[in-house]
Amino acid sequence: MKEVCQFLKDAGIYYLATVEGDQPRVRPFGTIEIFEDKLYIQTGKSKDVSKQIQANPKVEICAFKDGQWIRICGELVRDDRVEAKAHMLDNYPDLKAQYSAEDDNTEVLYFKNATATISSFTAAPKTINF
């Protein structure tokens, strides 16, 4: 999982895909952290992406860097604990202008039943389950 997290941090931006009804939705994200041995992302509960995840927690992430790409599929689970939110915001202090660990909008979610595959044109794919 640390390798997956580092890949996404090094890529800087990753793309998160959700489903809204029968329509896929993809948007750029940048928050990724490990907290209590789980891989977390962050968003706001007021956003459409949050509503989509709550309706269908199955998501995919894709990112590219240095000739390699990663795909992560799994389910996202909301963690409403202040400690989890604070951990994310402490690692992304720029977000503190919009979010607070104590507000009702800040949302952190961790991956459950996740599989990451790192691929390239020159090497066999590497699969990581977490």
Side-chain angles (χ1 to χ4, degrees):
M1 183 185 342
K2 288 180 183 176
E3 182 178 0
V4 171
C5 186
Q6 193 60 54
F7 189 106
L8 294 173
K9 282 181 179 286
D10 292 345
I13 300 295
Y14 60 87
Y15 297 88
L16 175 72
T18 59
V19 175
E20 183 176 57
D22 65 349
Q23 180 66 44
R25 301 288 182 196
V26 180
R27 80 278 295 148
F29 262 66
T31 54
I32 194 77
E33 275 299 317
I34 294 174
F35 179 69
E36 294 181 348
D37 297 319
K38 294 177 183 155
L39 189 64
Y40 279 77
I41 67 166
Q42 185 274 330
T43 191
K45 290 179 184 177
S46 63
K47 295 183 177 182
D48 287 343
V49 65
S50 174
K51 294 170 182 72
Q52 293 157 7
I53 292 167
Q54 294 312 307
N56 181 350
K58 292 180 180 179
V59 301
E60 287 198 10
I61 284 177
C62 188
F64 182 85
K65 74 167 186 79
D66 302 330
Q68 294 183 312
W69 58 93
I70 190 168
R71 288 188 188 124
I72 305 164
C73 63
E75 298 172 51
L76 287 175
V77 177
R78 181 184 283 165
D79 185 342
D80 279 325
R81 294 178 300 150
V82 170
E83 298 84 0
K85 295 178 195 180
H87 178 84
M88 181 66 78
L89 293 174
D90 286 346
N91 284 280
Y92 291 90
D94 290 349
L95 292 175
K96 290 182 178 182
Q98 297 171 270
Y99 298 101
S100 163
E102 292 84 21
D103 71 25
D104 290 330
N105 184 43
T106 302
E107 179 175 47
V108 293
L109 306 111
Y110 64 86
F111 271 95
K112 177 176 105 173
N113 303 323
T115 300
T117 305
I118 300 172
S119 303
S120 75
F121 290 117
T122 59
K126 179 178 183 178
T127 302
I128 302 163
N129 295 303
F130 55 97

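Fair warning: this is a prediction, and the values are worked out from it, not measured in the lab. Quick note: residue numbers are just sequence positions, from 1. Excluded from the calculations below are hydrogen atoms, water molecules and symmetry mates; all remaining heavy atoms, backbone and side chain alike, are included.
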Practice problem: Name the orientation class of the two ring planes belonging to Phe111 and Phe130 (parallel below 30°, tilted from 30 to 60°, perpendicular beyond 60°). | Solution: perpendicular
Quiz item: Is the closest side-chain heavy-atom distance between His87 and Glu36 below 4.5 Å?
Solution: no
Quiz prompt | 4.5 Å side-chain heavy-atom contact, Lys45 and Gln54 | solution = no
Practice problem: Apply side-chain hydrogen bond (donor to acceptor under 3.5 Å, both in side chains) to Lys112 and list each qualifying residue two or more places apart in sequence or on a separate chain. | Solution: none
Practice problem: Flag the pair Met88 / Tyr40 as yes when at least one side-chain heavy-atom distance between them is below 4.5 Å, and no otherwise. | Solution: yes
Self-check item: Shortest non-hydrogen contact from Pro125 toward Ser119
Solution: CB-OG, 3.9 Å
Quiz item: When rounded to the nearest 0.5 angstrom, what distance separates CZ in Arg81 from CZ in Phe35?
Solution: 5.0 Å
Exercise. Return yes when atom CG of Asp104 has more than 12 non-hydrogen atoms of other residues, nucleotides or ligands closer than 6.0 Å, and no otherwise.
Key: no
Quiz item: What are the two closest heavy atoms between Ser120 and Ala123, and how far apart are they?
Solution: OG-N, 3.1 Å
Exercise. Tell me, please, which residues at least two apart from Asp103 pass side-chain hydrogen bond (donor to acceptor under 3.5 Å, both in side chains).
Key: Thr106
Exercise. Using modelled atom types only, decide if a donor and an acceptor are shared between the side chain of Lys51 and the backbone of Ser46 within a distance under 3.5 Å.
Key: yes
Quiz item: Within a strict 4.5 Å, meaning less than it, do heavy atoms of the Gln42 and Tyr99 side chains meet?
Solution: yes
Self-check item: Closest approach of Lys96 to Asp90 (non-hydrogen atoms, all atoms of both residues)
Solution: NZ-OD1, 3.0 Å
Quiz prompt | Audit row: Arg27, Thr18, side chain to side chain contact (heavy atoms under 4.5 Å, CB included) steps and yes/no | solution = CA-CA 9 Å; Arg27 80 278 295 148; Thr18 59; 3.0 Å; yes
Practice problem: Give a yes or no answer on whether the side chain of Asp79 reaches the backbone of Leu109 with a donor-acceptor pair at less than 3.5 Å. | Solution: no
Quiz item: Do Val19 and Ile53 share a hydrophobic cluster, counting only Ile, Leu, Val, Met, Phe, Trp and Tyr and linking them when any side-chain heavy atoms are less than 4.5 Å apart?
Solution: no
Side chains of residues 56-72: which donor-acceptor pairs under 3.5 Å do they make with residues two or more places apart or in other chains?
residue, atom, partner, partner atom, Å
Asn56, OD1, Lys58, N, 3.1

Self-check item: 4.5 Å side-chain heavy-atom contact, Tyr14 and Thr31
Solution: yes
Practice problem: For residues Glu33 and Val108, determine if any side-chain heavy atom of one lies less than 4.5 Å from a side-chain heavy atom of the other. | Solution: no
Quiz prompt | Closest contact, heavy atoms only, Leu39 versus Met1 | solution = N-SD, 3.4 Å
Self-check item: Side-chain heavy-atom pair Arg25, Asp48 within 4.5 angstrom cut-off
Solution: no
